[in-house]
Amino acid sequence: MTSLAEQLKRLALPQNDPSLLDRSEVASLLFNCKEAATIDRDTFFAIGCTGLEELMGIDPSFEEFQSSLFSSTSKGLERSVQTKAVNQQLNKNISLFLIHLSPYFMLKPAQKCLEWLIHRFHIHLYNQDSLIGCVLPYHETNLFVRVIQLLDIKSPTHKWHWMDPIRKPGVPLARGTVITHCYKDLDFMDFICRLVAKSVKVFSECPSNSAQLRVLLVFYASTIVSALGAAEKITDTMVSLLLPYIQKGLKSSVQDYRAATYMIICQMTVKVTVETSLVHSLMVQISKTLFKVPSLIRDGLACLNLLLQTQKGDKLGKKPFNYLCKTPELVTLLQGLSAGYDVSPLLRYLLPHLVHTIVKSDTESGETENDIYIKHLQVILESIPLEKDLDCLLFPWFSLHFSCKYTFFYKPLQKILMVLSFGRYPKALDSVLEKHLEDCTDEADQNLFHQFISLSLSCGKYEFLEDSDTSLLLSLNHPQPAVRVLALQHLKDVIETSKEGFDQAFIEEAIFGRLKDDNRDVVMSALSSLEVGVCLLACEILPGLECVTGMYSVYLSFLSLYKVLEQAVKILVKEEILKEKKELLDEAVMQLLPFMIITNANSKSSDWKMAVCLSESDLCSLHPLLKGWPEALEEAVKSTKSAELVGVANEKMILLLSGNLTSGDPSLLLQMVDDLILVAETESDSVRQKVTTHIIGSVLVQCCCNTQMKENYFPVAIRVFRFLDKKIKNLRTCESAEETPLNWSVETVEETLVPKDLLSAYIEKLNSDETAQAEESAMVLFLLKDFINGLKPPLSFSKGRYSEVLFKFLSILWTYGYNLSNHLNYEVSAMLQTQALYIGYALLESQTNQKKKQLLSPSSPVMVSLLINLGSPVSEVRRAALNCLHSLRGIKESLFHPVLQHLEQKTEEIISDPTYVAQIMETLFEELETQPKQKSQKKKLLEALENILDCVQNPVFPSYIARNLMKILHEIHGEMVLSHLLPALDRLLEKVFNKPEAMLKDEVILLHLILGKFNEYSATLLCKNQQSLDLFIKSLHAAKKIYEEIPPFQITALGQITKPFFAAVSDGMVQQKLLNVLFDLLLDCKNPLCAQTISSVFKGVSVCAEQIVRELELPEKTKSLATVQQTRRQKMQQQRKPQDAELAPETSHFSWQRVMLILELLQHKKKLRRPQALVPALFNLLSRCLEPMASEEENMEYTKQLILSCLLNICQKLSSDGSKVPADILDKEKFNVELIVQCIRISKMPQTHHHALLLLGAVAGMFPVSNTWNLCFGSSLWFPNIGHLWLAVERSRNGSSFLTPALPHPPTALMLVTALMPCFFFLLLFYIKRESTWPGSTCILTRFYLVQH
């Protein structure tokens, strides 16, 4: 092609495109080009309007286009003859619509709308950029390729020619191709950026729609960032192109747009070094708008950090710093970033400005203004490590401002300089000071520098003490105890006088450190200082207690240390300190409880004195757990011999503590139990801790045995069980060959507490450093025995003997592993399940026949639980369950005896196949109906099945039990089965509609399984039981999806309406009701899957035409008349009173949309009985379509075509070869030919003419010759205007390719003429006869000849 030709082609207008002049092929998204050429404009308009309505249901913003692009006036708009202003407005509307459409492009409604725009407005020619912008984010889909194939981009000079290679093969556009073209063609990059900016502007007007930008913004970010990364070099042109859009992104409040902008900035700055002015501008923009989107503040700081890391950070000014410091969260966010990233670039920018602002401020007026800067600097130095020599640069920044004399008297700055700097960065400070001293030559500067040194060393801990000639800090850690005592005395004076220069953290650290001292005098002095600190500084007491008790545990041999602990208790355990601090009191009790336990009966020992001291302290009167302990200990001392005192005292403590626990505040019980278990599980080799563990274990077990505790029994029991379980496992790891002495055998001792002699012997051995493994094992066994004996059954357990409760507990273990919801948050493994089954087998073998009979009763869960395990995926579980069932097979009186016998015969098959049990149950209960059995055996089988079904519907049984029972009964069907399940179905459906969020996964699956019981075997129940019909219809309306991976109940219920099921519903009224519900669902349906399922259901079932007629019935007032004479008479009356049609109101609500949906379903319906019954109803509808009021309805032409097509299909079913149809099958009077002719006369649509003429041809073949003559020419409608027939034929001939896709078999022109041959034959005879009397006949015959050829 020459250059001139290229220029002319570019100048050519879209309306001159050759494709617009060729009607044999039409551009289309949904159809192929030849098929689209057969579809008329009204059909395309109907498709587009349908899509728009569906989109408005999703997004109301589409309503604004209903009156413009999708209005009835748009059908006649031809943009090639419009003015420039009109076309500009049209382009604006199309562009805006495509922006709104882009998020929904992959949905079918959006594609329908595009189909209308392509057909009517030729957007593939006029609006190529907008169309490509709409679909570009989906470039990796086949649908995108389909759009590109509509464009004429073959010319090498075309803007979008680079996409041409994908058109012919139809493969998606690769992401790599898009990225490569993006950085090579900057116009394309600009196109993407402009598209995004425009879309953001459109959707920003409605903040609720911002989520719809996500697909476009993900495409934008991934494409631009990848293009910048793939480009070998980022040029200035590329940077200048992106900058305006970067600024828009930073100013935007759309979260995803701003995030994408941050990503682009980061990628750009990593690849290229830009000028400082641009870095400054970007920093100002980012920091200024940082808090516009709070969720992206951290990302914005990360972007700033990377920007400063990759670019030159000099001379960036103070503006970004001022913006950043306006938020109190700045340092917190920096701290979070520093945990995973290097934030030193950002700190390198921030810290100099912070120091400069703080130091240069006026201390009198600027202190309040600079508080925020001081706080930022302080927190940064405390919490963020200064890396990459940043600490060495920090102090030079301070030293630059030494000339400001006010700096030394600014207390917040003193704190920063003195405390933080010396603590965290001493080496950096030393090196900087040394260098500064070398460079300092001026005497004034030297004096200033010495002032700084003095200031730095003037904090309290570096203060020199006169008595020790060293600093306080060194004195506290001096090797001589006397010096340490002097330092603590000085510290006590500091606290009492509130001397400045000391912070509380240093004081507490110094005191607690000396409490761990190995010298008694130092510890006592530290306690004296702590006593003052607690009173004046509110120092924490728990660290002090920990230090003292820890030291006491280490130095047990030193009796003098008892005085230390006694003094500590007197100082720290005071009513005025602990009374109002419950948590502090609880912690103190738990920390000191081990020291209250009697481990030594010697009244002179430190342990005894410590226990007595604590019992006499305020601790016992303040805490409810220790209430009454001083009196109990005193009584034990007075009434017990010294040799037995340890056992008796500890027994009294166990009873006292357990009694106080159970009788106290129930709301505090669980927390107290947790605290006690934490103390008991503390790992230590000390005698005190080991004894404490057993004492607390006994206390907890006694609580579980106490009948007073009801409210929190099970939570406490679970905690105690876990504690004992750990103890047993610890014993297993250190098993000893030593056997338990016979005197303390668990079987022979009947006490409910650990024997006192055993506890005393255990403590005695520990005190003697002997091994006490046997005693410890015996005590754990006693605890376990007492715990088991004290277990209480839950309220749901019926009152009965122990074995019944035990088997109910085992039933839970056998089945809880199948619980999908796991609301107890406990996992029963297959191993535990198998172990429990074998335990159950052993117990069952030992039961009497009477007991086994009780366990097989309907009220017992044993049989049901074992049946469920036969479907377990683990073969060993199935084997163990079969063993249990075999042990019950001897009870012939049980109603489950036939079932057990049958299962025993199939043992090997069940063990091999987890699904085989369902087949066994099917075979067993099928024999109930098919094979002759004894009456008693049949009765047992029936009762067994009813019992199992009652377990499914009974709400007492958990849903996971019911679900697994339904799996076993999967192959068992019938009325009886369904009727027993109706209460469960009712209960679950009620929950679905009222509390769907509370539905458990087991309940959802159970409901699906119950719906599966609606089949051909139980369908007759719908005719007998109104509740079953109501519940089934209710399930058809359950459209909500509760779990993503499980389909809605509606789909399952629809799937049950099969051909056998519908045929088995013997009552026609019930069938009618089901059809009515199906059509109503289809009318209101918004789920494509539901609509598709309804279509498949209707296509599959066999329906009688009379049932369809009832669904198509019109209001009484608007019904059409059946015969030609009645129609003619009615028409004459209407001509006399034309105003009646306008004044007649609608007598009842009628939905044309519903009729249209039913007619569309009939197009593909093959299994229709007595189709001729539909003929009067269809003509009635056709009459309504032709009324003036109906002409205002949208899609009415399409409805006419559907009616005519249905009539034609009926004719073809009644007479497939076009032969005569007997009158008893179809009366000729039922065919209202005048209505068909009126369709041809009124309609301007060639497609309507097609169907009408095809129907006339079919009628001519179905009736005799005379009848055909009367049908075709007996009407006054034809005779005076016979030339109109030719007009219709010519219209039909010219438009014979315009067919709607809703009709499955579009007629060809040849088929049309062939079908109409009988009519044309009679026309020919008629015109020859009239040739001499009617002018123009020769012309008509000539036309007929031309049509034939």
Side-chain angles (χ1 to χ4, degrees), residues 28-31 36 39 41-72 74-75 93-94 96-121 123 131 134-135 137-138 141 143 146-147 202-203 206 208-209 211-215 1037 1039-1041 1047-1048 1050-1051 1054 1078-1096 1098 1151-1161 1163 1193-1199 1202 1300-1302:
S28 173
L29 179 65
L30 300 179
F31 312 103
I39 304 174
R41 183 172 298 173
D42 277 343
T43 303
F44 279 114
F45 180 68
I47 291 171
C49 289
T50 303
L52 185 69
E53 289 174 2
E54 293 175 5
L55 285 177
M56 287 191 298
I58 301 172
D59 186 352
S61 64
F62 283 98
E63 291 178 3
E64 64 176 292
F65 304 103
Q66 197 173 18
S67 60
S68 55
L69 299 178
F70 294 87
S71 65
S72 56
S74 67
K75 290 196 292 184
N93 290 341
I94 290 173
L96 182 61
F97 177 77
L98 291 177
I99 289 174
H100 279 277
L101 189 74
S102 182
Y104 309 101
F105 171 64
M106 297 302 294
L107 300 181
K108 200 67 177 179
Q111 297 159 24
K112 290 180 181 179
C113 292
L114 279 178
E115 183 71 16
W116 167 246
L117 297 183
I118 291 168
H119 176 79
R120 179 77 287 258
F121 300 111
I123 61 172
L131 179 59
C134 173
V135 303
Y138 309 91
T141 66
L143 199 57
R146 187 76 185 89
V147 173
V202 169
F203 285 105
C206 184
S208 60
N209 292 338
Q212 297 165 353
L213 286 164
R214 189 156 297 151
V215 174
H1037 288 87
K1040 184 177 180 60
K1041 181 183 282 191
Q1050 181 185 63
I1051 302 301
L1054 285 170
L1078 287 179
F1079 296 147
D1080 288 343
L1081 284 176
L1082 187 61
L1083 179 64
D1084 301 329
C1085 176
K1086 294 183 180 179
N1087 182 5
L1089 178 60
C1090 176
Q1092 183 181 355
T1093 307
I1094 293 173
S1095 178
S1096 301
F1098 184 76
S1151 172
W1152 277 110
Q1153 181 71 17
R1154 190 174 190 271
V1155 169
M1156 189 171 68
L1157 291 171
I1158 297 174
L1159 293 175
E1160 285 179 341
L1161 290 176
Q1163 300 300 311
E1193 298 276 350
E1194 294 185 1
N1195 304 331
M1196 196 53 69
E1197 283 295 327
Y1198 180 55
T1199 307
L1202 288 172
T1300 174

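What you see below is based on every heavy atom in this structure, not just the backbone, and it leaves out hydrogens, waters and symmetry mates.
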Using every non-hydrogen atom in the two residues, find where [X] and [Y] come nearest and quote the distance to one decimal.
{"X": "L1089", "Y": "T1093", "answer": "O-OG1, 2.6 Å"}
{"X": "F121", "Y": "I94", "answer": "CB-CD1, 4.0 Å"}
{"X": "C1090", "Y": "C1085", "answer": "CB-SG, 3.4 Å"}
{"X": "Q1163", "Y": "L1202", "answer": "NE2-O, 3.3 Å"}
{"X": "F45", "Y": "S74", "answer": "CE1-OG, 4.1 Å"}

Would you please name every residue forming a ring pair (Phe, Tyr, Trp, His ring centres under 6.0 Å) with F97, sequence neighbours left out? F62, F65, F70
Which residues satisfy the side-chain contact (heavy atoms from CB on, under 4.5 Å) test with S67, sequence neighbours excluded? none
Using side-chain contact (heavy atoms from CB on, under 4.5 Å) as the criterion, list what pairs up with S102, not counting sequence neighbours. C134, P137, Y138
Separation between [atom1] of [X] and [atom2] of [Y], rounded to the nearest 0.5 Å:
{"X": "C113", "Y": "F105", "atom1": "SG", "atom2": "CZ", "answer": "12.5 Å"}
{"X": "E115", "Y": "T50", "atom1": "CD", "atom2": "OG1", "answer": "12.5 Å"}
{"X": "Q66", "Y": "C49", "atom1": "CD", "atom2": "SG", "answer": "7.5 Å"}
{"X": "E1160", "Y": "F1098", "atom1": "CD", "atom2": "CZ", "answer": "12.0 Å"}
{"X": "L101", "Y": "L117", "atom1": "CG", "atom2": "CG", "answer": "8.0 Å"}
{"X": "L1082", "Y": "I1158", "atom1": "CG", "atom2": "CD1", "answer": "8.5 Å"}

Would you check if the side chain of S1096 reaches a backbone N or O of Q1092 as a donor-acceptor pair within less than 3.5 Å?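 Checking the backbone N and O of Q1092 against the side chain of S1096, a donor-acceptor pair under 3.5 Å is found.
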Treating Q111 as the side-chain partner and M106 as the backbone partner, does any N or O pair qualify as donor plus acceptor under 3.5 Å?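 Present.
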Is any side-chain heavy atom of [Y] closer than 4.5 Å to one of [X]?
{"X": "E64", "Y": "N93", "value": "no"}
{"X": "L52", "Y": "L69", "value": "no"}
{"X": "L55", "Y": "H100", "value": "no"}
{"X": "I123", "Y": "L114", "value": "yes"}
{"X": "F31", "Y": "F44", "value": "yes"}
{"X": "Y104", "Y": "Q212", "value": "yes"}

Stepwise side-chain contact (heavy atoms from CB on, under 4.5 Å) test for L1054 and Q1050: CA-CA 6 Å; L1054 285 170; Q1050 181 185 63; 4.1 Å; yes
Strictly by side chain to side chain donor-acceptor pair (under 3.5 Å), give each pair with a member in residues 1079-1088 just once, sequence neighbours left out.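 Qualifying pairs: D1080-R1154.
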With sequence neighbours excluded, what pairs up with K1040 under the side chain to side chain donor-acceptor pair (under 3.5 Å) test?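 Partners of K1040 by the side chain to side chain donor-acceptor pair (under 3.5 Å) criterion come out as none, since no residue qualifies.
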Residue set satisfying salt bridge (charged side-chain N to carboxylate O under 4.0 Å, His left out) with K75, at least two apart, ordered chain then number -> D42
